[in-house]
Every structure is written in structure tokens, then in C-alpha cells.
J.: 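The following block contains the structure, expressed as C-alpha cells.
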There are 4 protein chains.
Amino acid sequence: MPRKSSSKATKAPPASSIPEKAQVANWRNAENRNERGRLIHEALFTAAAEIVGERGYEDTSITLITQRAGVAQGTFYNYFESRQDILDQLLPRLGKEMLSYVGQCSRQGNTVLEREELGFRGFYTFLKIHPHFFRILNEAPSFAPRAYQAHIELVRSGYMRFLKRAMENGEIKGFDEREIEVAAFVMMGARLYLGHYAARVGDDNDPDIPDWVTQAYCKLISHGLIGGA
Amino acid sequence: MPRKSSSKATKAPPASSIPEKAQVANWRNAENRNERGRLIHEALFTAAAEIVGERGYEDTSITLITQRAGVAQGTFYNYFESRQDILDQLLPRLGKEMLSYVGQCSRQGNTVLEREELGFRGFYTFLKIHPHFFRILNEAPSFAPRAYQAHIELVRSGYMRFLKRAMENGEIKGFDEREIEVAAFVMMGARLYLGHYAARVGDDNDPDIPDWVTQAYCKLISHGLIGGA
Amino acid sequence: MPRKSSSKATKAPPASSIPEKAQVANWRNAENRNERGRLIHEALFTAAAEIVGERGYEDTSITLITQRAGVAQGTFYNYFESRQDILDQLLPRLGKEMLSYVGQCSRQGNTVLEREELGFRGFYTFLKIHPHFFRILNEAPSFAPRAYQAHIELVRSGYMRFLKRAMENGEIKGFDEREIEVAAFVMMGARLYLGHYAARVGDDNDPDIPDWVTQAYCKLISHGLIGGA
Amino acid sequence: MPRKSSSKATKAPPASSIPEKAQVANWRNAENRNERGRLIHEALFTAAAEIVGERGYEDTSITLITQRAGVAQGTFYNYFESRQDILDQLLPRLGKEMLSYVGQCSRQGNTVLEREELGFRGFYTFLKIHPHFFRILNEAPSFAPRAYQAHIELVRSGYMRFLKRAMENGEIKGFDEREIEVAAFVMMGARLYLGHYAARVGDDNDPDIPDWVTQAYCKLISHGLIGGA
DNA sequence: AATGAATGAGAGTTCATTCAT
DNA sequence: GATGAATGAACTCTCATTCAT
């Protein structure tokens with residue numbers, strides 16, 4: 001009765017051929033103890049981020065992390081409490097980088113719509129620059145749920161500030177504050193989900209959004225899909 | 001330097017205290033061999049679905065599944081090829097149930113907007129009835145990516161049929177077909193993401209969507225957020 | 001410190017591509033119960049012999065045997081006590097066939113030497129006809145030691161009869177009876193070992209002995225290697 | 001129809017009652033890390049050799065090896081790649097020890113015959129000293145075929161050097177080089193097979209060769225069995 | 001007598017974590 | 001602080017055997 005068919009080893013790609021970066025930071029040349037500590041911490045963090053990006057949280061082992069960081073296994077536990085600890089730190093930190101980058105992009109615009117469009121584009125540009133981030137973000141609900149909730153909260157509050165200002169400016173009408181929050185979530189979901197959409201075509205970890213998608217998205221949020229006069 | 005604080009075992013709930021359901025189906029009283037086989041298969045499937053719903057794919061072991069189903073470990077392999085096999089079957093089957101249910105709901109409506117609203121509500125009703133589905137769906141990209149892609153495709157094509165008919169009816173204007181697809185993805189993303197929104201308030205696996213959220217969502221997709229006259 | 005190198009999976013060949021014979025005997029058409037029983041027994045025995053020949057004792061499972069014999073797993077235990085039971089029966093029966101065949105060959109000769117040469121050749125001919133026998137015999141010391149000892153005893157006693165008659169005829173001189181036994185063992189070892197010799201060149205399970213090897217062997221046992229006048 | 005009789009568990013001895021040696025090396029008292037590593041490696045290797053000698057390759061499990069070596073199961077994998085890895089190393093290493101020992105014995109002699117006799121005796125002395133070697137060697141064709149072929153090759157080439165020198169000295173006449181090789185194989189087979197002969201009488205793993213056997217063997221190879229003038 | 005699903009002990013292996021050096 | 005070997009619990013999966021039908 002077992003299904004013989006297709007799904008064999010349908011899981012994550014083996015990723016054995018992914019070229020591993022050179023050891024992340026040459027902490028052995030550090031000037032003093034503090035500096036050395038900082039560099040090792042950094043090396044471990046970066047190694048973990050890369051590996052999660054390449055192979056997913058599940059296949060990220062301490063062995064792999066320390067090997068790539070160029071330190072001994074035991075050293076890991078001088079910098080992080082546990083495997084889960086470092087996994088939990090990935091999204092918060094990279095998420096903040098993302099928000100900062102996207103915020104900078106967004107602020108170039110003058111109207112809400114312009115800003116949303118620039119933020120939207122900026123998100124996908126960030127993914128290009130940090131190819132590991134998409135997977136780190138996507139798998140976080142499963143593997144670092146607390147961190148994920150915190151990230152969502154951060155994004156939400158940023159969006160809310162942005163949208164409330166627009167309400168005050170009169171650029172958004174007909175929505176009260178809690179409705180605005182719904183919109184914020186829809187827009188957050190759109191970014192993530194259109195990433196998957198891109199993945200339908202291209203590489204899973206390298207979503208590429210064509211221009212007309214951006215425009216369709218903008219059209220949708222500005223005039224709606226259905227009742228558009 | 002390690003973070004002593006909060007993050008300890010921030011992942012899945014310890015779960016040893018999760019009340020396990022009684023053995024899922026009393027297959028021992030089956031009338032004949034075929035029936036017994038069916039019941040065991042069912043018991044294994046249901047057990048797996050419940051456990052993934054409660055603890056996530058990663059912590060779903062064969063031991064746990066067979067214990068809950070009330071069969072020996074070896075029995076598992078009479079019904080499924082491997083652990084991955086059963087995990088791969090979860091979403092396809094439950095996903096189809098979901099689509100069928102949501103489709104039925106949606107078809108009660110007369111206009112596109114009504115239908116979308118009913119489908120939207122139906123989705124969350126389904127989550128109430130099948131509290132494990134949300135996590136099974138959410139973690140699928142990481143643990144059953146093939147199944148996930150297939151599911152997305154199914155949802156997308158259903159949505160597209162729905163929206164194209166609306167275009168033909170003249171209920172949707174100003175969007176060409178590929179733009180419609182973008183809208184479809186945004187709407188799919190909205191449902192999932194508002195599930196997380198609900199999770200902010202209530203229980204992670206039991207998203208509850210208040211009425212005004214639905215209405216805000218409908219307002220958004222019908223008139224847009226920004227340019228709304 | 002582990003050895004990374006060569007020896008990975010150095011063991012038995014996977015043998016998955018070996019063409020499996022059709023189900024061995026169509027016992028379903030048997031005329032009466034006794035006949036059917038006989039046919040099933042035969043089918044199981046033959047299947048086991050083939051599989052041991054192809055994959056070795058270790059990889060010979062009940063599942064494999066019954067599948068090839070075309071009966072259900074449980075049926076096996078109506079005919080044999082256990083897996084070990086059937087493995088123990090392989091060599092005794094096939095060994096007797098071998099002895100009978102080789103004996104017939106040998107008896108065509110007139111002198112001891114002729115007879116030994118014909119027996120020697122006959123042994124390798126038998127291996128050609130029964131390609132499974134070599135492996136069944138070779139692995140028997142590990143997997144069916146009792147059967148192996150019994151086989152050795154059979155061969156030894158045959159050899160002894162043969163050689164003692166030659167002593168009585170005056171064809172062998174200068175050896176007493178227990179020394180004759182040593183010679184018998186050396187000759188038995190030679191046959192087996194030259195099989196391995198052949199395997200150095202050709203296929204492991206298909207030893208092929210060139211003519212000059214036979215002649216060198218005969219020269220050795222007739223005049224000795226060293227003191228040869 | 002099943003054979004109720006004798007053959008029950010005719011295979012390996014039950015072995016639960018085999019007195020296990022004390023933990024092989026008290027590595028806990030090692031002076032430094034390197035030394036400890038060496039001792040553990042040694043303990044694992046020796047444990048494996050002993051167990052294979054007592055119960056055969058098939059029944060040699062990681063659990064058994066590590067228990068006897070007095071280390072945790074996981075420790076095994078710090079020293080060997082896999083179960084097969086250690087099994088593959090047994091014969092090469094012990095085989096070389098054997099050859100070295102036998103070679104030393106042999107070189108005490110002056111004539112070919114003397115040397116062959118001393119080598120022959122030396123082989124059985126080695127078996128006395130290393131009672132596990134016989135089974136390790138005998139079962140190797142089934143369980144470590146690559147290692148076995150390599151061993152055969154080693155023995156063969158040693159024998160060939162020995163015999164060719166004797167040809168050049170004029171101690172062997174009437175054989176060309178490839179015929180010499182046949183003789184080498186016969187002699188290798190004789191040693192192994194007379195081990196089995198001894199096993200008929202004594203303990204399986206402790207072959208004891210009486211003096212007259214050696215002499216009969218020497219007579220056979222020096223003057224031949226049959227045509228002896 | 002034939003079936004084939006259920007069983008469960010036991011296998012090899014992985015890996016987060018500890019800790020003596 | 002850095003090291004890396006030792007640990008052992010936990011995992012998935014196999015398969016000889018049993019037994020109700």
C-alpha cells in the first residue's frame with residue numbers, strides 16, 4: 001500500500017556542491033582579546049547565516065558552522081548558548097538590516113504610493129544582495145518561531161507608522177486604524193508570497209520580480225481589484 | 001558573551017505535556033482485513049497530521065506516530081515508504097479537502113466580491129475545523145517543498161479560474177491576465193498572513209479572524225488602499 | 001582519524017540489476033496436494049539457491065525467496081523451520097549433485113592421474129553449469145558451518161576411497177593412510193583455491209580454468225614441485 | 001514437511017556465554033591526548049578482531065565492539081568511518097603481521113623445501129598466537145572481499161618471489177613461470193585447507209597441526225603424490 | 001495449506017552538548 | 001579562551017517470525 005512513486009527524497013536539495021566561502025574572518029590576527037572575540041562571534045554568525053541560507057535550518061549543524069568559521073566545535077559554546085540560540089539570533093539581526101535598507105529605499109519617494117513601490121522594489125533588491133535572507137525568513141516560523149513573531153512585530157510597527165502618517169496626511173481615506181493594520185498584513189504577505197511566485201519561475205532562493213509585477217501590485221493596492229471605477 | 005537570557009528552547013513547545021488524543025481509530029474491531037488496513041492507514045495518517053500540527057514536521061517521529069496510532073513501529077512501513085513519504089502526503093490530501101470546502105463556501109456568493117468574502121471566511125472556518133492544517137501548510141515549504149509547490153499550483157489555478165470568469169463577466173476591469181495572477185498571489189498571501197496576524201492575539205494553531213478584519217480585507221481588494229476615491 | 005579513503009562500501013555487489021528468473025515452478029497447476037507441496041518446496045529451494053548465488057547468504061531474505069518462488073511470505077514456514085534451516089540445506093543437496101557429477105567424470109579415466117585430472121576438470125564444468133554453487137560453497141563456512149563440515153566430510157571420504165584404491169593398486173607409493181588424507185585435503189583446497197585464482201582474472205562467480213592450469217596442477221601432484229627428478 | 005531436527009541455529013555459536021576479555025586497554029590512564037587516542041583506536045581494533053574471531057563478521061556489531069573496548073557507541077565514529085570500514089581494516093593489518101611473521105620463520109631455512117616447511121609451520125604457530133586470525137581470514141571473501149583480494153595478492157606475490165628465486169637457483173625445474181603461479185595457489189590453498197582439517201579434530205578457531213602432517217605435506221610437494229619414483 | 005499484515009528487537013549512524021586539557 | 005574527543009540519546013529503517021483469517 002505504500003506509495004512507490006514520485007516523492008522520494010522530495011526534501012531539501014543536497015547542496016553538497018555549493019561552494020563554501022573561505023573562512024569568514026581571520027580572527028587569528030586580531031590585535032587584542034576583545035577584538036578577537038568579536039571576530040569569532042562574527043565568523044560564527046555569518047557562517048550560520050550562510051549555511052541556513054544554503055541548506056535550511058534543519059541541516060545546519062554545529063560541526064558545519066564551526067568548520068566554516070574556522071574554529072573548533074567547542075568554541076561555539078563560548079559564544080552561543082546552544083544551537084537554537086544562534087538560530088534564534090539570525091532573523092532578528094538580518095531582519096533589522098533588511099528593514100533599515102528597505103526604509104532607506106522607501107524614504108526616497110514623495111507619496112505613499114511611491115514609497116510603497118520603492119519599499120516593495122527595495123525588498124527584492126535586498127534579497128539579491130543577501131541571498132540567504134529569504135530562506136532564513138521563510139523557514140523561521142518553523143525553526144525560530146519566537147524570533148519570527150518578533151520580526152513580524154517589527155515589520156508591522158514600521159508599516160503602521162508609515163501608514164498612519166499617510167492617514168494624517170490625508171493620503172489614505174476611509175480606513176480606521178485597525179483596518180490599516182489589516183492592510184499592513186496584507187502588504188507584508190504580498191511581498192513574501194510574491195517571492196514564492198518568483199520562485200515558481202526561477203531559483204528558489206533568488207526571487208526575481210519583473211517590473212510589471214510591481215506595477216500590477218501597485219495598481220492593486222491603489223485602486224483595488226474589483227470595484228475599481 | 002553568550003546570551004543567557006530568554007531564548008532557551010524558544011522553538012517548539014516542549015510538548016511532552018500536550019494531551020495526546022486517544023488512539024485514533026479502534027482498528028482492532030475491524031470487520032475484515034481490508035477494513036482493518038483502511039483503518040490503520042487512516043490512523044497513521046491522522047496521527048501524523050495531528051502531531052505535525054502540534055509539534056511541527058521536524059519533531060514528528062515514527063515512534064510518535066505509531067504510538068498515537070496504536071500500532072507497532074514496523075507497521076508504519078507497511079503503509080508508507082518512509083517518514084518523508086507520509087509527510088509528503090499530508091498537505092496534498094488536506095489541501096484538497098481545504099480547497100473543496102472553501103470552494104463550496106465561495107460558490108454561495110453571487111458577485112466576485114461576495115464569493116471572495118465567503119471563500120476568505122471559509123478558509124478560517126476550515127482552520128477551526130482542522131486546527132492542524134495551518135501548521136502543516138506553513139511548514140510545508142521547508143519540509144515537503146514538492147508537495148507545497150503542488151499545493152500552491154492548485155490554489156493558484158483555482159483562483160485564476162475564479163478571477164478570469166469575473167473578467168469575462170466584466171466584474172473586473174483594467175487588469176490583464178498576468179496582472180490577475182499577481183492579484184491571485186497577493187490574495188493567497190493575505191489569507192496565510194492574516195492567519196499569522198490572528199496568531200498574534202490567540203493561539204498559534206487556532207487563528208480566529210474577527211468580522212471587521214474580513215471587512216477591511218474586502219474593502220482593500222475592492223477599492224484599494226490608497227487611491228480610493 | 002577515520003580513513004576517508006577507498007574502502008567505502010567495499011562489500012558485496014549491489015546486484016539489483018541481476019535479471020530475476022520467472023517464478024520457478026507453476027505449482028498452481030499441480031494435480032494433487034502432494035504434488036503441489038513438492039513443487040512449492042522445490043520452488044523455494046531453487047529460489048534460495050539462486051539468490052544466495054547472486055547476492056550471498058547475508059542478503060538472502062525470506063521476502064526475496066518467497067517473491068521469487070511466487071508464494072506468500074508465510075508459506076515459507078510451512079516448508080522450512082527458519083531462514084537458517086533453508087540456508088543449511090543448500091550445500092548438502094547441491095554438494096551431493098556436485099560429487100555425483102564429478103564422480104561420473106572421474107570414472108571415465110583409467111589411471112589415478114587421469115581420474116584426478118578428469119575430476120578436476122569436471123569440478124569447473126559443474127561450476128559452469130551451476131553458477132550459484134561456487135558462492136554457496138565459498139560462503140558456507142561463515143553462514144552454514146555445520147553444513148560445510150558435513151560437505152567437507154563427504155568430499156574427504158570420497159577422495160579417500162579413491163586414493164586408497166589407488167594405493168592398493170600400487171599406483172600410489174610411499175604414503176601411508178593418514179598421509180593420504182593430508183594429500184586429499186591439499187587437493188580439495190587446490191580446487192577451491194584455483195577457483196579464486198580464476199576469479200582474479202574473470203568474473204567472481206564464473207571461474208574459468210585454462211587448460212595449462214590443469215596441466216600444471218597435474219604435473220605438481222604427480223611429480224612434486226621441488227624434488228622432481 | 002519442515003525439518004524439525006538438528007539444524008536449529010546451526011550457525012555461529014550462541015556466544016552469549018563466551019567469556020569476554022577485560023576491557024582491552026585502560027586508555028583512561030593515558031598520559032596525554034595523543035596517547036589516549038592511540039589507545040582507544042587500538043582498543044576498538046582489537047575488540048573488533050576478537051569479536052570477529054569469536055562470532056564472525058556478521059554478528060559483529062558496533063554495540064559489541066564499543067562495549068568491549070569500553071567506550072561509548074558514538075566514540076567509534078571518531079576512529080572509523082563505518083562498521084564496514086573497520087571490518088575492511090582487519091585483514092590487511094593482521095594479514096601483514098602474519099606475512100611478516102611467516103617470512104621471518106621461512107628465512108631461517110636454507111633450501112626451498114626447508115623454507116617452505118618453516119613457513120608452513122610458522123603459519124600455524126601464528127594461528128596459535130592470534131587465534132582470531134583464522135576466522136578473520138576465512139570469512140573475508142564474504143564480508144570484506146576487496147580486502148581479501150588485496151591479501152591474496154600480497155601472499156601470491158610473496159610466494160612468487162620466493163619460488164622464482166628457487167627457479168633461478170635451479171632448485172625448481174620443469175616449471176615455467178605461470179605454472180609456478182599455479183603451484184603458489186595450490187600451496188596457499190593447502191595451508192588454509194589443512195587449517196580446516198585440523199578444525200575437524202580440535203576447536204574451530206584453534207587449528208593444531210601435528211608434525212606428521214607437515215611431513216606429509218612436504219613429501220607431497222617435493223615428490224608429488226602419484227608418479228613419485 | 002496458503003496468506004500477508006503486524007510485530008518489535010535490533011541494527012548503523014548522527015549530532016548537540018560536555019569537559020579535561 | 002580555545003580545543004576537539006567522548007558521550008549517549010534518539011533517530012529511521014529492516015526483517016525474521018507469528019498468527020488470525
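Hydrogens, waters and symmetry mates play no part in the numbers below; they use all other heavy atoms, side chains included. Chain letters run A, B, ... following the sequence lines, proteins first and then strands; every chain starts at 1.
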J.: Of all residues at least two apart in sequence or in a different chain, which pass the side-chain contact (heavy atoms from CB on, under 4.5 Å) check with B:Ser82?
T.: B:Gln84, B:Asp85
J.: Say whether, by atom type as modelled, one donor and one acceptor occur between the side chain of D:Arg135 and the main chain of D:Glu54 under 3.5 angstrom.
T.: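 Yes, D:Arg135 side chain to D:Glu54 backbone: donor-acceptor pair under 3.5 Å.
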J.: Return the set of residues passing side-chain contact (heavy atoms from CB on, under 4.5 Å) with D:Asn32 (not counting sequence neighbours), or none when no residue passes.
T.: D:Asn34, D:Glu35
J.: Could you check how far CZ of A:Phe143 sits from P of E:dA16, rounded to whole Å?
T.: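 So the CZ-P distance, A:Phe143 to E:dA16, works out to 13 Å.
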J.: Given atom CD1 of A:Ile86 and atom P of E:dT17, what is their separation to the nearest angstrom?
T.: 12 Å
J.: Can you tell me the distance, in whole Å, between the CD1 atom of D:Ile40 and the C1' atom of E:dA20?
T.: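 These atoms are roughly 13 Å apart.
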J.: Please state how far atom CZ in C:Arg36 lies from atom C1' in E:dT3, giving the value in whole angstrom units.
T.: 12 Å
J.: Name the stems with DNA chain E in them: runs of three or more consecutive Watson-Crick or G-U pairs, distances under 3.5 Å?
T.: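 Counting only runs of 3 or more consecutive pairs, the stems involving DNA chain E are E:2-21 with F:2-21.
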J.: Which residue lies toward the 5' end of DNA chain F, D:Thr75 or D:Arg33, if each is placed at its nearest nucleotide?
T.: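 Upstream on the strand: D:Arg33.
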J.: Between C:Thr66 and C:Thr63 (side chain of the first, backbone of the second, donor and acceptor by atom type, cut-off under 3.5 Å), is there such a pair?
T.: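 Side chain of C:Thr66 to backbone of C:Thr63, a donor-acceptor pair under 3.5 Å: yes, one is there.
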J.: Using atom CG of C:Asn78 as one end and atom P of E:dA1 as the other, report the distance to the nearest whole Å.
T.: 6 Å
J.: Check the pair C:Ile136, C:Tyr57 against side-chain contact (heavy atoms from CB on, under 4.5 Å), reporting the backbone distance first and the verdict last.
T.: CA-CA 8 Å; C:Ile136 290 169; C:Tyr57 286 85; 3.4 Å; yes
J.: Between B:Arg55 and B:Glu50, is there a donor-acceptor pair closer than 3.5 Å when you use the side chain of the first and the backbone of the second?
T.: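 No.
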J.: Do any N or O atoms from the side chain of B:Thr46 and from the backbone of B:Glu42 form a donor-acceptor pair under 3.5 angstrom?
T.: yes
J.: Roughly, in whole Å, what's the span from CD in D:Glu35 to C1' in E:dA20?
T.: 17 Å
J.: Does D:Gly74 or B:Val71 map to a spot on DNA chain E nearer the 5' end, using the closest nucleotide for each?
T.: B:Val71
J.: Provide a list of protein-nucleic acid N or O atom pairs under 3.5 angstrom, restricted to nucleotides 11-13 of chain F.
T.:
unit_1, atom_1, unit_2, atom_2, d
F:dT12, OP1, B:Arg83, NE, 2.8
F:dT12, OP2, B:Ile62, N, 3.2
F:dC13, OP2, B:Tyr77, OH, 3.0
F:dC13, OP2, B:Arg83, N, 2.9

J.: Should B:Leu90 and B:Phe45 be marked as a side-chain contact (heavy atoms from CB on, under 4.5 Å) after you check the CA-CA gap, both sets of side-chain angles, and the distance that decides it?
T.: CA-CA 8 Å; B:Leu90 255 23; B:Phe45 188 91; 3.8 Å; yes
J.: Between P on F:dC15 and CD1 on C:Ile51, what's the gap in Å once rounded to a whole number?
T.: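 These atoms are roughly 12 Å apart.
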J.: Taking CZ from D:Arg38 and P from F:dG4, how many angstroms apart are they, rounded to a whole number?
T.: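 Value for this atom pair: 20 Å.
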J.: Considering residues at least two apart in sequence or located in another chain, which fulfil the side-chain contact (heavy atoms from CB on, under 4.5 Å) criterion with B:Arg36?
T.: B:Trp27, B:Ala30, B:Arg33, B:Ile40
